[in-house]
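Notes for the one structure printed next.
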Amino acid sequence: MNAQDAPHILVIDDDPVFNRVLTRALGQRGYRVFGAADPESALDLAREHEPEYVVLDLNIGGSSGLRLIEPLLAANPDCRILVLTGYASIATTVDAIKLGATQYLAKPADVDAILKALSATEVVIDDTPSAAPMSVDRLEWEHIQRVLGEHDGNISATARALKMHRRTLQRKLAKRPVKE
């Protein structure tokens, strides 16, 4: 397969180092890869190249990457969208899939896991109830993620809704609970 026939992947992540590393790694695997760090350039690239695959960060510059799913699908309805996030929660997973994403992965994720998720035919959401109840930390995390989703990823609006100082919320978001 020559470079022109290679599937196109659009990587949308506002972390320049992660964006560059992932873009390079996918390119070395034979894909034509385009990187975008903000919603405007991402949509421009999507309209220009009509990528078969998109790796979309959930939080782009303080706003929700979920807002991009609909316009990305408008650019290419057959596009497979993987939402990649450091803030994984059941609520945001369900929201992403309802909006049209095909997969959802928590960071850190390696290139093999990303490619496997992009090519998977079924969405894998592990929502089977655990025999043990969720820890208080995990319940708090899920609640914060639900409210964060309701406010399109806006930290300040979420903090106000939770009646919490913004810096306190940021500290809580930085400390993900352990997987149960």
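Computation of the quantities below employed the complete heavy-atom set of this structure, encompassing side-chain atoms and omitting hydrogens, waters and symmetry-equivalent molecules.
Using a 4.5 Å heavy-atom threshold, the side chains of L68 and L56 count as touching. Contact check for H143 versus L162: side-chain heavy atoms found under the 4.5 Å cut-off. Side-chain contact between L115 and Y31 is present, with at least one heavy-atom pair separated by less than 4.5 Å. Using a 4.5 Å cut-off on side-chain heavy atoms (C-beta onward), L26 and R29 make no contact.
Although no hydrogens or angles enter the test, the distance criterion places no donor-acceptor pair under 3.5 Å between the side chain of D57 and the main chain of I60. Between the N19 side chain and the A36 main chain, a donor and an acceptor come within less than 3.5 Å of each other. Within the 3.5 Å criterion, the main-chain N or O of R167 finds a donor-acceptor partner in the side chain of H165. A side-chain donor-acceptor contact under 3.5 Å links T158 to the backbone of N154.
Taking the six-membered ring for Trp and the full ring otherwise, the centers of F34 and H8 sit less than 6.0 Å from each other.
Side chains of R24 and Q28: a donor-acceptor N/O pair is absent below 3.5 angstrom, by distance only.
Residue F18 holds its CZ atom at 9.0 Å from OG1 of T23, rounded to the nearest 0.5 Å. Annotation: the span from L118 atom CG to I81 atom CD1 amounts to 10.5 Å, rounded to 0.5 Å. Distance check: L148 CG to S64 OG gives 8.0 Å after rounding to the nearest 0.5 Å. Expressed to the nearest 0.5 Å, how far CG of L72 lies from CG of L99 amounts to 11.5 Å. Interatomic distance, CD1 of I12 versus CG of L84, reported as 11.5 Å (0.5 Å rounding). A distance of 8.5 Å separates CD1 of I155 from CZ of R166, quoted to the nearest 0.5 Å.
For N76 against P51, the heavy-atom pair with the smallest separation is ND2-O, 2.9 Å. When all heavy atoms of V54 and C79 are compared, the pair lying nearest together is CG2-SG, 3.4 Å. Here the closest non-hydrogen pair linking A161 and V147 is CB-CG1, 4.0 Å. Considering all non-hydrogen atoms of both residues, A42 and L10 come closest at O-CD2, 3.5 Å. Residue A74 comes nearest to P77 through the heavy atom pair O-CD, 4.3 Å, listed as atom of the first residue, atom of the second, then distance. Taking every heavy atom of both residues into account, G30 and A6 meet most closely at O-CB, 3.0 Å.
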Going through the checks in order, is the side-chain contact (heavy atoms from CB on, under 4.5 Å) test met by T102 and L82? CA-CA 6 Å; T102 50; L82 165 66; 5.7 Å; no
Check the pair S41, D38 against side chain to side chain donor-acceptor pair (under 3.5 Å), reporting the backbone distance first and the verdict last. CA-CA 6 Å; S41 59; D38 61 81; 3.1 Å; yes
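With respect to the salt-bridge test (charged N to carboxylate O, under 4.0 angstrom), the residues K172 and E140 qualify.
Both V111 and L105 belong to a single network of hydrophobic side chains, linked directly or stepwise wherever heavy atoms of I, L, V, M, F, W or Y lie under 4.5 Å apart.
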